[in-house]
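All of these numbers come straight from a predicted model, not from anything done at the bench. Read the numbers this way: they start at 1 and go in the same order the structure lists the ligands and their atoms. We're numbering straight along the sequence, starting at 1.
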Amino acid sequence: MFSLTNLLRPHILSLTPYSSARDEYTGKEGIFLDANENPLGSTTTQGDYNRYPDPHQGAIKHRLAPIKGVRPEQIFLGNGSDEPIDLLVRATCTPGGQDSILIMPPTYGMYEVSAAVNDVNIIKVPLTPDFQVDTEAVLAAITDRTKLIWLCSPNNPSGNLLQADAIRTILNAASQSLVIVDEAYIDFAPTPSWTGELDNYPNLVVLQTFSKAWGLAALRLGMCFASEELIGVLNKIKPPYNISAPTQALALDALLHEEEKNQMVAQIMAERQQLAEKLRSLPTVQVIHPSDANFLLVQFADANATFAYLIDQQVIVRDRSKVKLCDGCLRISVGTTTENESLIAVLRQMPDAPLPTDLPIGTGDEATRPELVSNA
Ligand SMILES: *Cc1c(COP(=O)(O)O)cnc(C)c1O
């Protein structure tokens, strides 16, 4: 039997949270002299921001819940996904070598960073060479001090969905841990979200974000879906006003435009297909890993030279060639049609002899390079 009480750090259980002015009086009308705000207005011509925002983002959760098929009480909103990632570690893991998290490299870097910042042990069980969960090895590595198990599906940087059977096996077996499925890229995948299983698994946590499909990376707004009990704990330990008023207003508007989001997703998925086909025709491309996300992990004959050459041509991709199981790989976000065509054109004109990879960026002797299409 899963017990959140057993999983939480003891002092979190007994913690008295900060009670904000907006918690103590929730009415909308009245003369507000309770929060030491400036009553006169704001020092910007761009709007009125002199009042503190809703600490619980009620309007967003109300609009988001039916879209995601969850109850508002199962939603936590954070300053990017980074905030719930950090709060989950701090709520459950006693530092100093006592508790641990489990990650499956190659995967998103923030799980490890958050654990390291909090001085929490990290157990690493690599994915298999085809980037799937090594279920037996994971189950063997879990201890009674393993508080969090991080699964990223679709996985960054490999781009693929993890097999549902493996996730289910871990959810069933790791009944004393939280199993977090990071679905930052779920909109680009052909499968439904794990949010549909929240009521079946009290140890399931699902992360999503407004940064990718919704096109709102600059707002910094992450979603965490879990049991009402766990969401209550995250609310208790978060900074009181963690989501700014402009972010809340813009997110509320964005949620009225889900159809535009879906259209952009369809367009990006079509572009992903085009890009993969064009990359396949290049002799320097060795492997294009199947992607359920908005990027491709691509193995090149000489990743270092290709990366440096692309930078020199002002095409910026992510070098993942030093990452476990990603030898020779660059991670390429799907761009607009024009951007993808420029990438392909630039790659087609890459000189056969690799350029020196130690050239400082931007000081290459451009005059001696072949003529290249512009990267507009
Ligand atoms: C991009 C990404 C996120 C989103 O992070 P935000 O802080 O919400 O912008 C989360 N998880 C993974 C795996 C990602 O690649």
Quiz item: So, Q267 versus Q263: side-chain donor-acceptor pair below 3.5 Å or not?
Solution: no
Quiz item: Going by the angle between their ring planes, with limits at 30° and 60°, are F210 and W214 parallel, tilted or perpendicular?
Solution: tilted
Exercise. Specify whether Y241 and Y52 have parallel, tilted or perpendicular ring planes, treating 30° as the upper limit for parallel and 60° as the lower limit for perpendicular.
Key: parallel
Exercise. Using the side-chain contact (heavy atoms from CB on, under 4.5 Å) rule, pick out the option among V179, I167, N172 that qualifies with Y201.
Key: N172
Exercise. Could you pull out all residues at least two apart from D165 that satisfy side chain to side chain donor-acceptor pair (under 3.5 Å)?
Key: none
Self-check item: Y185/F295 aromatic ring centres below 6.0 Å
Solution: yes
Give one line per pair: atom of ligand 1, protein atom, distance. Only N/O to N/O under 3.5 Å.
residue	atom	partner	partner atom	Å
ligand 1	7 (O)	S81	N	2.9
ligand 1	7 (O)	D82	OD1	3.4
ligand 1	7 (O)	R220	NH2	2.6
ligand 1	8 (O)	S81	N	2.8
ligand 1	8 (O)	S81	OG	2.8
ligand 1	8 (O)	T209	OG1	2.6
ligand 1	9 (O)	S211	OG	2.6
ligand 1	9 (O)	R220	NH1	2.8
ligand 1	9 (O)	R220	NH2	3.2
ligand 1	11 (N)	D182	OD1	3.3
ligand 1	11 (N)	D182	OD2	2.7
ligand 1	15 (O)	N156	ND2	2.9
ligand 1	15 (O)	Y185	OH	2.6
ligand 1	15 (O)	K212	NZ	3.3

